[in-house]
Amino acid sequence: MQSNFWDWKAHYDHQPVETVFDCLIAEFLLSQGKSVPSQELAQHLYGVQTLDELAAKQLAKFQQLPTLYAYFTSLELPMIPVLWQMEQTGIFLDVPCLQQVATEMDVAVTELEQSMKKTVGFEINLKSTVQIGTFLAEKLMVPLQKTKTGKYATNETEISQYAEQFPFIQSLLQYRELTKLRSTYVETLIEAVAEDGRIHTRYTQVAAQTGRLSSSAPNLQNIPVSAGFGQKIKSCFKAAKGKVFLSFDYSQQELRILAHLSKEAALIKAFQEKKDVHTATAAQIFSVKYEDVTKEQRMIAKTINFGVVYGMSSFGLSAQLHIPVDAAQQFITSFYTTYPNIRKYFEQYLTEGKMTGFVETILGRRRAVFEQAGHTTIDNSLRRVLINYPIQGSAADLMKKAVITIHQQVVENNPDCALLLQIHDDLVFEVTDNAQVIEDLTVKVKKMMCEVYPLAVPIEVDIKIGKNWGEMTRI
DNA sequence: TGTAAGTGA
DNA sequence: TGACGTCACTTACAG
């Protein structure tokens, strides 16, 4: 485990100095009188001889971009000590508990393996997509689609439609789920446990183009949530003795941000009245009363709500809902009839982006519209990326702002409370298991998260508590 | 090293 | 026409 801030910070040494943020981090390090071994990279990429020179160049750029500079100094720089503290603290993993889970998984895997190999009748590697595809298509005569490289597609959505017909496919899906969980999470996590019994992930500020954090070695932002073995794995992350986990999760944050950005009155109203936003959307697009929305209608509305955030097309929606393309198109049309300002917002936003060459988040984080010089058109793929950016990116902005405040005002120098994880919209703390402490933190942290930035809609936070990460209950 | 697959938000 | 929902990370196979 790293013993101090600068040792920890040195992990940037292994990253290319590719972005303006990296460069300013380099400048920041220099200002502290610390050397940065990525000098060679700066030289290579920017043609400068020293990091002083590089820093001067970047600062000059920033002086012309006050909003971006304010974003950088008020969010990216103050995040550094927060991440340092999170990485240094780590999270406890109960290794014997996880090994027990692994044993249970092995039993299930062996059973599946034997029955599947019996069905196949010849030597086969069940993990090889090529071998499995050939077997399914040519022996069992399953009408599989081809991938772009001409091989049989054996992914879940492709083969699960034949699961009823072929028990072998059911076994295969189970086998894949188990072996995936086993190899990705069990061995890796056990190996990642440090001498202090805890896992110290690494957060990177400059990996995700939207400004989100990324986590690696191991990635603690994609620990399984599914019932069964997934949840059992997650349950092996436990609060230390005398401590308890508290998690704070922004509720529907991306849709709230969409409501704010688009100023769409109908959507804003739904949030203000504390309605279930998917039910509210369903009521509108199906022209039924809020109380009369069926489960089916809500499910469709939920898919559309999330799809819109990603710029989904009628084809994508039809695939997702297993309905004809024209039916999907009708849903999308009704959505935009219900929320006309969302469409207007996207159009205006894209027009402006094309004109200025960049788009930005609520707090002023930029993204270039055309990454390569000479490109001047927005194709569908670029359109989706751009549409998603202000929503995902602004959510990341607000989370950073909240986390910085929380760290400075609640966590720092507080032996009763440590921030362990940040999973995009979710914060996990380890706190002293004492009613007064919990009550106090719950109120303070929630308030800071909700009041981080005044949106056109109220911000809501779900709070959960538990002795392990897999079994958290709402409070 | 690239592709396919599958976890999470 | 062709492609067809964003952002990540990791594993495994196959070349």
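Every chain is numbered from 1 and lettered A, B, ... according to where its sequence line falls, protein lines coming before strand lines.
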Using a cut-off of strictly less than 4.0 Å, decide whether [X] has a side-chain nitrogen or oxygen near OP1 or OP2 of [N].
{"X": "Arg212(A)", "N": "dC7(C)", "answer": "no"}
{"X": "Thr154(A)", "N": "dA5(B)", "answer": "yes"}
{"X": "Ser314(A)", "N": "dC4(C)", "answer": "no"}

Report yes if the side chains of Ile223(A) and Phe237(A) come closer than 4.5 Å at any heavy-atom pair, otherwise no.
yes
Which nucleotide in the list dT10(C), dC7(C), dT11(C) gets nearest to the side chain of Ser183(A)?
dT11(C)
Over 60° means perpendicular and under 30° means parallel, so classify the ring planes of His278(A) and Phe306(A), tilted if in between.
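Correct class here is tilted.
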Suppose you measure atom C1' in dG6(B) against the same atom in dT1(C); what distance do you get, rounded to whole Å?
31 Å
Distance, P atom - from dA5(B) to dC4(C), rounded to whole angstrom
15 Å
Member of Arg256(A), Gln252(A), Lys446(A) meeting the side-chain contact (heavy atoms from CB on, under 4.5 Å) criterion with Glu460(A)
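Of the listed residues Arg256(A), Gln252(A), Lys446(A), the side-chain contact (heavy atoms from CB on, under 4.5 Å) partner of Glu460(A) is Arg256(A).
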Whole-Å distance separating the [atom1] atom of [X] from the [atom2] atom of [N]:
{"X": "Glu177(A)", "N": "dT11(C)", "atom1": "CD", "atom2": "P", "value": "18 Å"}
{"X": "Leu126(A)", "N": "dA14(C)", "atom1": "CG", "atom2": "P", "value": "12 Å"}
{"X": "Leu350(A)", "N": "dT6(C)", "atom1": "CG", "atom2": "C1'", "value": "14 Å"}
{"X": "Ile233(A)", "N": "dG8(B)", "atom1": "CD1", "atom2": "P", "value": "10 Å"}
{"X": "Tyr152(A)", "N": "dT3(B)", "atom1": "OH", "atom2": "P", "value": "21 Å"}
{"X": "Phe306(A)", "N": "dC7(C)", "atom1": "CZ", "atom2": "P", "value": "17 Å"}

Main chain of Gln422(A), side chain of Gln221(A): is a donor-acceptor contact present, judged purely on distance under 3.5 Å?
yes
G-U wobble or Watson-Crick pairing nucleotide for dT1(C) (cut-off 3.5 Å, both distances)
none
Both distances under 3.5 Å, Watson-Crick or G-U wobble: report the partner of dT1(B), or none.
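dA14(C) - that is the nucleotide pairing with dT1(B), both distances being under 3.5 Å.
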